[in-house]
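Read through the structure below, which is laid out as structure tokens, and then see the notes.
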Amino acid sequence: MILKCGEVNILTMKGLSEGHTDRFGHPVPTPVNLNPVPGKAILISGHDMQDLHDLLVQSEGTGIQIYTHGEMLPGHGYPGLKKFPHLASNYGGAWYKQQKEFETFGKHGPVIMTSNCIIEPRGSYAANIYTTGEVGWPGVTHIPYATHGIGATKDYSAVIARALEMPGFSEADVPAEPKNCFNWIWTQRNTWSR
């Protein structure tokens, strides 16, 4: 029974990986900027690469920089996502640090949570956090599907409008010493086949 459970888990993970690689290409090791980039900003956290893609498409040409957080870091390695020049940086670390990290980022731009790793939002950024998909929190604006069925998308115009109202990052927010990471470990962990 335990072996069967493990087998189903592996097949499920393989299916998820194939869904990502079929849609966005096979991830490749990629240096990832860890610094703020001057300009308006949106942070997206969670696991849903399709949400990241849709946000990148809808925010293209607005001057808004898109930042990944937590489990979104692998998005920088997928050719279909990293082709967007405004996929600017990864901000913060693990999901359990989100209250502190979102409080800081929430002064610059809004945050989108795409999976159930949300921790109760603090009042300091509660007006600047949005949820989507299966995740939600009382009092937090939820972004539903704009269309239904295969290829369904979500309308991120409210988040984009909020980002344009907020200050974003300035040159003064960029550290003198650049920080980067190399997401090779992430791409290896999240790739079942090459």
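Side chains included, hydrogens not; waters and symmetry mates left out as well; all remaining heavy atoms used.
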Between [X] (side chain only) and [Y] (backbone N and O only), is there a donor and an acceptor less than 3.5 Å apart?
X: H86; Y: G61; result: no
X: S89; Y: N35; result: yes
X: Q98; Y: I119; result: yes
X: D22; Y: G19; result: no
X: T12; Y: V8; result: yes
X: Q99; Y: E120; result: yes
X: S45; Y: G70; result: no
X: Q58; Y: Y156; result: yes

(message) Checking N90 now: which residues fulfil side-chain contact (heavy atoms from CB on, under 4.5 Å) with it, not counting sequence neighbours?
(response)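 With sequence neighbours excluded, N90 shows a side-chain contact (heavy atoms from CB on, under 4.5 Å) to V32, L34, T68, L73, H76, given in chain and number order.
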(request) Find out whether Y78 and T30 are in side-chain contact, i.e. whether some heavy atom of one side chain is under 4.5 Å from a heavy atom of the other. (result)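 Result no, sub-4.5 Å side-chain heavy-atom pair not found.
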(message) Less than 4.5 Å apart, side chain to side chain, heavy atoms only: is that true for M72 and T114?
(response)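 The answer is yes, as the side chains (C-beta and beyond) meet within the 4.5 Å cut-off.
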Please report the interatomic distance [atom1]([X]) to [atom2]([Y]), rounded to the nearest 0.5 Å.
X: K83; Y: L81; atom1: NZ; atom2: CG; answer: 8.5 Å
X: Y67; Y: I44; atom1: OH; atom2: CD1; answer: 14.5 Å
X: T104; Y: L43; atom1: OG1; atom2: CG; answer: 11.0 Å
X: H20; Y: M49; atom1: NE2; atom2: CE; answer: 5.5 Å
X: N128; Y: I42; atom1: CG; atom2: CD1; answer: 11.0 Å

(request) Inspect the surroundings of CG in L3 and state if more than 12 heavy atoms from other residues, nucleotides or ligands are less than 6.0 Å away. (result)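 No.
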(request) Could you list the residues that satisfy ring pair (Phe, Tyr, Trp, His ring centres under 6.0 Å) with H47, not counting sequence neighbours? (result)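 H47: no ring pair (Phe, Tyr, Trp, His ring centres under 6.0 Å) contacts found.
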(request) Evaluate the ring planes of H53 and F24, with Trp represented by its six-membered ring, and classify them as parallel (under 30°), tilted (30 to 60°) or perpendicular (over 60°). (result)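 Ring orientation, 0 to 90° scale: tilted.
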(message) Taking F84 as the starting point, is it possible to reach I64 by hopping between hydrophobic residues whose side chains are less than 4.5 Å apart?
(response)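 I64 clusters together with F84.
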(message) Hydrophobic clusters here meaning ILVMFWY residues chained together by side-chain heavy-atom distances under 4.5 Å, can you tell me if L52 and I118 are in one?
(response)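 Each belongs to a different hydrophobic cluster.
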Validation: residues 105-112 side-chain donor-acceptor distances under 3.5 Å, sequence neighbours left out:
{"unit_1": "H108", "atom_1": "ND1", "unit_2": "G168", "atom_2": "O", "d": "2.9"}

Which heavy atom of [X] sits nearest a heavy atom of [Y], and at what distance?
X: A163; Y: A41; answer: CB-O, 3.7 Å
X: E103; Y: S124; answer: OE2-OG, 2.7 Å
X: P79; Y: G25; answer: CD-C, 4.0 Å
X: V135; Y: S115; answer: CG2-O, 3.1 Å

(request) Just do the side chain to side chain donor-acceptor pair (under 3.5 Å) check on T62 and K40 with the steps written out, would you? (result) CA-CA 9 Å; T62 63; K40 304 295 184 171; over 6 Å; no
(message) Check this for me, if you would: do R162 and E165 make a salt bridge, where the nitrogen-to-carboxylate-oxygen distance has to be below 4.0 angstrom?
(response)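 A salt bridge links R162 with E165.
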(message) I'd like to know if the side chain of T131 pairs up with that of H142 as donor and acceptor (distance under 3.5 Å, no hydrogens or angles considered).
(response)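 Distance-only check passes for T131 and H142.
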(request) Test H69 against every option in Y96, W95, Y91, F102 by the ring pair (Phe, Tyr, Trp, His ring centres under 6.0 Å) rule and name the one that passes. (result)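 Between H69 and the candidates, ring pair (Phe, Tyr, Trp, His ring centres under 6.0 Å) is satisfied uniquely by F102.
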